[in-house]
Each structure stands twice: as C-alpha cells, then as structure tokens.
2 protein chains.
Amino acid sequence: MRPPKLTLAAVAKEVGVSAPTVSKVVNGRQDVAEETRNRVLAALHRTGYRSPLQRKSPPAQQAVEVVFDSLNSAYSVEVLNGIMEHAAASQMEVILSVTSRQSASPVDPEERAQRLLDEGRSGMIVVTSAFGPGQLKAFQRRRIPVVVVDPLNPPPGDVFSVGASNWAGGKAAASHLLELGHRRIAYIGGPAAAECSQARLHGYMAALMAAGVPVVEEYVSAGPFRSSTGVAAMKSLLALDDPPTAVFAASDSIALGVLAEARRQNIRIPDDMSLVGFDGTTQAEESLPPLTSVSQPLLEMGRSALSFILRQRSGEEIDSRRVELATHLVVRESTAPPRTQQSPAGLRRQAD
Amino acid sequence: MRPPKLTLAAVAKEVGVSAPTVSKVVNGRQDVAEETRNRVLAALHRTGYRSPLQRKSPPAQQAVEVVFDSLNSAYSVEVLNGIMEHAAASQMEVILSVTSRQSASPVDPEERAQRLLDEGRSGMIVVTSAFGPGQLKAFQRRRIPVVVVDPLNPPPGDVFSVGASNWAGGKAAASHLLELGHRRIAYIGGPAAAECSQARLHGYMAALMAAGVPVVEEYVSAGPFRSSTGVAAMKSLLALDDPPTAVFAASDSIALGVLAEARRQNIRIPDDMSLVGFDGTTQAEESLPPLTSVSQPLLEMGRSALSFILRQRSGEEIDSRRVELATHLVVRESTAPPRTQQSPAGLRRQAD
DNA sequence: CTGAAAGCGCTTACAG
DNA sequence: CTGAAAGCGCTTACAG
C-alpha cells in the first residue's frame, strides 16, 4: 500500500487545520496567525510537500539571489567576488541583479518574494541597498532567508546582516594620524545617511576627543562614495584659513579624488599633507603614493553573507543575527608626520 | 467588459469539442483523432492558451548564464553592467559564474550543458574566457545559444561572438601619436595569445608602416592586462638607449602602471612623454592627467551579447555570427607633441 | 484569524 | 474517438 498522497489537504489534517489555511501559508498570504503559520511550515517541511507546480518540474539547482544597488565600485565587486567564491565552493548558483540597472518598473516585493519561493531559491543577499522593512517583510513571511550587507539604513533587529567594524576603523585611522602628530585632521565621509558612514565618523570623533583634539565643523563633510566627492571636499578644505594637515577619507575612491586635487594644487602627499583612505581595495595599493587605508575584509564579508544563508537554510539555530568583521589599518606611504605644526601659511605658500 | 477567461473549456467551445478532448491534446495523449488534434492545437496556439501551471510560474522566468574568467577589471564589470541592463529591460534573470573563483573541480561541460537545458535556460554568454571548442560543442549539440565576448582564442566559425574593432582602435591610437609628431612609439600589449591584443598590435603596426615609421622590436612588449605590466614595461623602455617619446598601452590598467612608473622616474606626462590607453573606463577619465584612450563600447558589448541570445532564442534567422562594435579614440590630456624630436638624450637628462 | 461551503479549472473513468 | 458525469486538488469569498 502506498502512503496516502501528499496533498495540501493531507498536510492540513496532519497539522489539524483546514486546507484553506495551508493554502494561505503556501502562498505567503498575510492573514494567518504567526503561530499557525509556523506549525504549518514545519509540517510542510517535514512531509516535504511540493505543490503540483513544484512536483512537475525537476528539483532545481540550489540558488541564491544577490541584489546590488550598483556594481560601479571596487567595494561592490570585491563583495561579489567573495560571494562567488563561496558559491562555487558550495555548488550554489548565483542569480544577480542590480537595482540601478533596473528599467523603470520597480519589482513588487510580494511578487518577487513569491517567485523566489516558487523557484525554490535558498535565500537572498542584499548589498548596500536601501531595502526597506516593508520589502523585507514579504520575505520574512515566507521564511526566505535574507542577509543584508552594509545596509544603507540599519535593518530591523531581526534581519541578518554582515558588516565591518566601521567605528573601530574610523578610530584607527584618526588615531594613526594623531600619533604621527597631526592635530588638524579632516574627515570626508560617505552619504550622511549611510550607517557605515556614520560609524566611521563617530570613530574619528572618538579618537580626536580621546586625544583632547576638538572636532572642527569645517573639517567634516560628506558625499557619495566617489572620487568627485574627494575633489570637491579637498577644494573647500584648501580654501580654509586653517587647512588641515591630514585628511581621512571614508573610502578609497574619495581618497583618490583628494589625491588628484592635491596634485593639481601642488600639495605633496604625504610631505605637505597626510591622507588615509578606507576599504583597502587595490586602488589604494596601486595609487601613487600607495595609500594608507583602513582595509575591510570585503571578500570575507561576501563569503559570510552566503554562509549565513546556508546555515539558516539548513535549519541551524543562529543566536547572533549580526556579523561584524574586523577592519585593520594598512599603513603605506600616504601618511607622515606633519611638516610644521605651527605654520599653516607655509602649506598654502607651497601651494602657489 | 473583460474578455472571457482563457480556460481550457473556452478553447473547447471555440473549437467545438469538449473540455476533456482539449485536455487530452494539451497533455499529449494518444487517443485523439489526428484531425481533431490539429484543430485543437491550432486554437491553442491562436488563443495563446496556457495551463494554470504555466500561468502561475511566470514562464519559469527566462534566464541566461553568464560566465566570466574573472571580475577583477573595470572591463569585465562594465560588460557585466551592459548585460545586467539589458537583462532588466527584457525581464531575464542572470546566473553568474566566475571561473577563476571556481574551486578546484572544473565542471564537466556535458553536465553543465545538460543542466542548462533541464532548467530551461535561454543560453549562455562567455566573457574573456578560454572556452575551448570541445566545451562549446556540448552546447551546440543541445541547441543552446552561446555567445562569446572577446574570446581569448578565436572561436570556431559557427559560434556567435561579440567584440570591438580592436584593429581600428590600435590604428587610431598610433595614428593620433604620429599626427602629434611622434616617431618613437612603444606598444605595451595584453596577453600575446589574446585575439584582441593581436588585433591592437597589428593596428598599431599598420599605422606606423603607413607613415613610413619602422616598427622597433624593443618597443613592443606584452603581459597580462594589469598595471604591473605597465610598470615593468615602462622600466625597460626607459632603460633603452633610445627610449620612446610615446607609449600606447593596450589597456587602461596597463597605462596606469606606465603613469605610476613615469611619475616615479620624474617623467612628466604628456610633457616628456605621451601616453594612450585602451578601454575608455572611468579609470582613464579620473587619472591625473586624464588619459587619452581608445574607448570600447563595453556596455553596448554586454547588451549585444544578450540580444544575440534573445534573437537566437526567438528563432530568428541570423546571418552574421559576429558583431564588431566600433571603438573610438577619446583625446584627453595625456598626449601632446613630442618635446624635442631630435634630442632623446634631453628626455633622459630630464629624468635624472 | 479560521474554516465550511462554494467554486474553479482540469482530469479521469467509462459508456456509447 | 468522443464527451457527460464524476472527481480531484486547490483557491476564493465570507460568516463567525
């Protein structure tokens, strides 16, 4: 005698609810009590129920969706590389999408989440993207593992996330400059709203305050993580009566902009001014002079994100929903003691 | 009033048969008269009937596999961006893989091709990769559309490929330098075996020969598309008795290496030496000085590759299996007339 | 939030 | 070979 057919009704009977209720859970409907949903999901999982749809098509290759807001930075590509590496090692397919490349129509999150489910995907990784809590809910309701990497906005407490120790990194950068003897240290940040950017700023401020150095408002600016931000900020800084002797840029791209503008104005780095970047991408390594930079373990961040998905998928109980990987300062040739602490005028004469 | 729902019953009514009969045809049953079957099939096709199953899963979401050998270059990322853009516009999913990230086990091409087929993928795009003819055959046998972008080795004649007019680009770069008055022009190429690299070299040679300028062996070198190649080549060039007054680098990364080494040796660009890159990535734009470079339509190449797949997929008859997109020279600030055509010694004195 | 009842669209079993 | 009738499994609309 064959086991009774694995229908939706059979699952319902097993859980002790009605068929319509199971139907709702399977389709990610809203109107199911949390507790009921959990019991049904458990039974669905235990019995291995597959909808007629799923039954028809062969069990698909395990796959994970990866969403970037853009691929136009060394940062993104490195995180992607980390994901790809882990994916290859664990036989996962990676379905990539880039929101900034999306043509007009933004995808409805409910629809997207349902499709993920229908196609049997293992989860989704969202990188540097402004995924709102509303969008995340569509996934949580369907129990699709989601991991965000360096979210623009801090994610709701129950969402898994991967980041780097930005605060400590900011502090390390500023401390390094302070130890070299700098007192006038500028900070050029990323988007003011971005979580990581704020953390770096606060690390910088913490270091200054610990050293008894006041935080000067004109020394702090913000902008997108692009070299143009560094160029613009550097122009303003050099126009100050009392320009800084060192600059801490919140990304290597920004730092490269600073470097370009410095060269244009004949400010030598590190002789006339010290410069620290953030990210530790090859850009920093290959620039001239090679940039002192706070290195983020970007590959590792990508790997961790995927490994979070895999662990959730395998039903592992995960206690901490946030992984923060260590940054570390890599000292290269763009930082040196200040030329003369007393003579800011000397710096500007040099520039003429 | 909306059109009546397109059910199996509706189709039946239209043909003048019963629903069960249509059901049999849809499911490929035997017990239907040939003539009836044909009429039903015609109606099915005409009305565009889709079973609830087909209707539900948005046609198993069309997807294309994209294979890169590596993602560590502005070139690759830009091509990928082009693919992503077109994919978003045409509602395709992109399944990414990177061969250099592949853990030890190389995937068996037969297996890979079969999986592609099983999962109903639309095709595969292979970028800058050394995909052998043997591997391609596994796909051709299964009628899976494959498009290669800038293959390392020229693909078999019947494979679709997308590239840029490398020869013309090389010629344009060298011509530009010749027109400025340069006669001692070096070429730093990419991997000697790479098709695109050879084309650029031959374009360069053609321009020199047309101008009656001999091709000097010591002025021509090759290496990976990385900045270190530029550094090394530049060192050798500057050590020559008769160093060139201009350098044409086969990629922007290589050119950036040349630039760095020039700065280290106090060779000013373009005053002491002119420099032309290739690719036209933002690296070239943002460098200091901004680099004159042969721009490749990388986004467009990505888009074209995908559009090739889509056209093949839709059964379109395609006459030409090779698309070659135009490159064009973008003159920026790294090129200028030679300082003194007569005094190579002058250049070297300058460098001391 | 839940489920009895009705409904939907397709398929099956079988009489003709 | 065909189709009326019964059946299946899931979903919907809605009363409680």
Side-chain angles (χ1 to χ4, degrees), chain A residues 1-59 108 110-120 134 137-143 158, chain B residues 1-60:
Chain A
M1 180 194 123
R2 295 218 281 113
K5 257 216 244 168
L6 192 55
T7 64
L8 197 150
V11 175
K13 195 170 164 197
E14 168 145 356
V15 186
V17 296
S18 70
T21 300
V22 178
S23 171
K24 287 171 195 170
V25 173
V26 168
N27 294 291
R29 290 287 166 65
Q30 315 250 18
D31 55 349
V32 179
E34 204 47 28
E35 197 266 329
T36 310
R37 183 188 302 277
N38 286 331
R39 269 168 43 227
V40 171
L41 279 167
L44 247 20
H45 191 257
R46 175 155 27 83
T47 56
Y49 172 81
R50 311 190 64 217
S51 74
L53 216 95
Q54 296 172 321
R55 234 173 299 143
K56 178 157 186 178
S57 59
D108 169 41
E110 291 293 337
E111 209 172 291
R112 172 167 212 156
Q114 188 60 40
R115 209 189 61 223
L116 232 84
L117 196 65
D118 289 344
E119 311 225 328
K137 238 174 237 156
F139 291 85
Q140 296 187 293
R141 206 177 319 113
R142 293 173 175 81
R143 298 290 180 287
D158 48 353
Chain B
M1 180 193 123
R2 297 216 279 114
K5 259 215 248 168
L6 191 55
T7 63
L8 196 151
V11 176
K13 195 171 167 197
E14 170 146 356
V15 187
V17 296
S18 71
T21 299
V22 178
S23 172
K24 286 171 194 169
V25 172
V26 169
N27 294 290
R29 290 285 168 66
Q30 314 258 14
D31 54 349
V32 179
E34 203 49 30
E35 196 266 330
T36 310
R37 182 188 304 276
N38 285 334
R39 269 168 45 227
V40 172
L41 242 20
L44 247 20
H45 190 259
R46 172 157 31 84
T47 55
Y49 171 79
R50 312 190 62 222
S51 77
L53 230 85
Q54 295 173 318
R55 231 175 301 143
K56 172 153 188 184
S57 69

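Labels below follow one simple rule: chain letters A, B, ... track the order of the sequence lines, proteins then strands, and each chain is numbered from 1. What's counted below: heavy atoms across the whole structure, side chains too, no hydrogens, waters or symmetry copies.
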Discussion item. Does D/dT2 have its OP1 or OP2 closer than 4.0 Å to a side-chain nitrogen or oxygen of B/Ser18?
Written reply: no
Discussion item. Say we look at D/dC14 and D/dC10: how far apart would their P atoms be, to the nearest angstrom?
Written reply: 23 Å
Worksheet entry | P gap between D/dG9 and D/dA13, integer Å | 22 Å
Worksheet entry | Salt-bridge present (A/Glu14, A/Arg39; N to O < 4.0 Å) | no
Discussion item. Determine whether A/Gln30 and A/Glu110 satisfy the following criterion, side-chain contact (heavy atoms from CB on, under 4.5 Å), listing intermediate values before the conclusion.
Written reply: CA-CA 11 Å; A/Gln30 315 250 18; A/Glu110 291 293 337; 4.1 Å; yes
Worksheet item: A/Lys24 has a side chain; which of C/dT11, C/dT2, D/dT2 sits nearest to it?
Response: C/dT2
Worksheet entry | Nearest to side-chain heavy atoms of B/Pro20, which nucleotide of C/dT2, D/dA4, D/dT11 | D/dA4
Response to the item:
Atom NZ of B/Lys13 and atom C1' of D/dA4 are separated, to the nearest Å, by 17 Å
Worksheet item: Please give, in whole Å, the distance from D/dC1 P to B/Glu34 CD?
Response: 9 Å
Discussion item. Looking at D/dT11, I'd like to know if its phosphate oxygens (OP1 or OP2) sit under 4.0 Å from a side-chain N or O belonging to A/Ser23.
Written reply: yes
Discussion item. Using the C1' atom as the point on both nucleotides, what is the distance between D/dG7 and D/dG3, in whole Å?
Written reply: 16 Å
Practice prompt. Could you state the atom-to-atom distance from CD of A/Gln30 to C1' of C/dT2 in whole Å?
Written response: 16 Å
Worksheet item: So which nucleotide from D/dC10, D/dT11, C/dC10 ends up closest to the side chain of A/Thr7?
Response: D/dC10
Practice prompt. Establish, with yes or no, whether the OP1 or OP2 oxygen of C/dC10 is under 4.0 angstrom from a side-chain nitrogen or oxygen of B/Tyr49.
Written response: yes
Discussion item. Applying the Watson-Crick and G-U wobble criteria at under 3.5 Å, what pairs with C/dC14? Answer none if nothing qualifies.
Written reply: D/dG3
Item to complete: Walk me through it: do A/Leu41 and A/His45 pass the test side-chain contact (heavy atoms from CB on, under 4.5 Å)?
Response: CA-CA 6 Å; A/Leu41 279 167; A/His45 191 257; over 6 Å; no
Worksheet item: Hey, does the side chain of A/Arg37 come within less than 4.0 Å of C/dC1's phosphate (OP1/OP2), counting only N and O?
Response: no
Worksheet item: So does B/Thr21 get a side-chain nitrogen or oxygen closer than 4.0 Å to the phosphate oxygens (OP1/OP2) of D/dG3?
Response: yes
Practice prompt. For B/Leu44 and C/dC10, give me the distance from atom CG to atom C1', rounded to whole Å.
Written response: 13 Å
Practice prompt. Determine the contact category for A/Val22: base if any of its heavy atoms lies under 4.0 Å from a base atom, sugar-phosphate if only primed atoms, P, OP1 or OP2 are that close, otherwise nothing.
Written response: nothing
Worksheet entry | Closest to the A/Leu8 side chain, choosing from D/dT2, D/dC10, C/dT11 | D/dC10
Worksheet item: Any sub-3.5 Å donor-acceptor pair from B/Ser23's side-chain atoms to B/Ala19's backbone N or O?
Response: no
Fill in: Residue-phosphate contact under 4.0 Å: A/Thr36 side-chain N/O, C/dT2 OP1/OP2
yes
Worksheet item: Roughly how many Å is it from CG in B/Asp31 to P in C/dA15, rounded to a whole number?
Response: 16 Å
Item to complete: Walk me through it: do A/Asn38 and A/Arg143 pass the test side-chain contact (heavy atoms from CB on, under 4.5 Å)?
Response: CA-CA 9 Å; A/Asn38 286 331; A/Arg143 298 290 180 287; 2.6 Å; yes
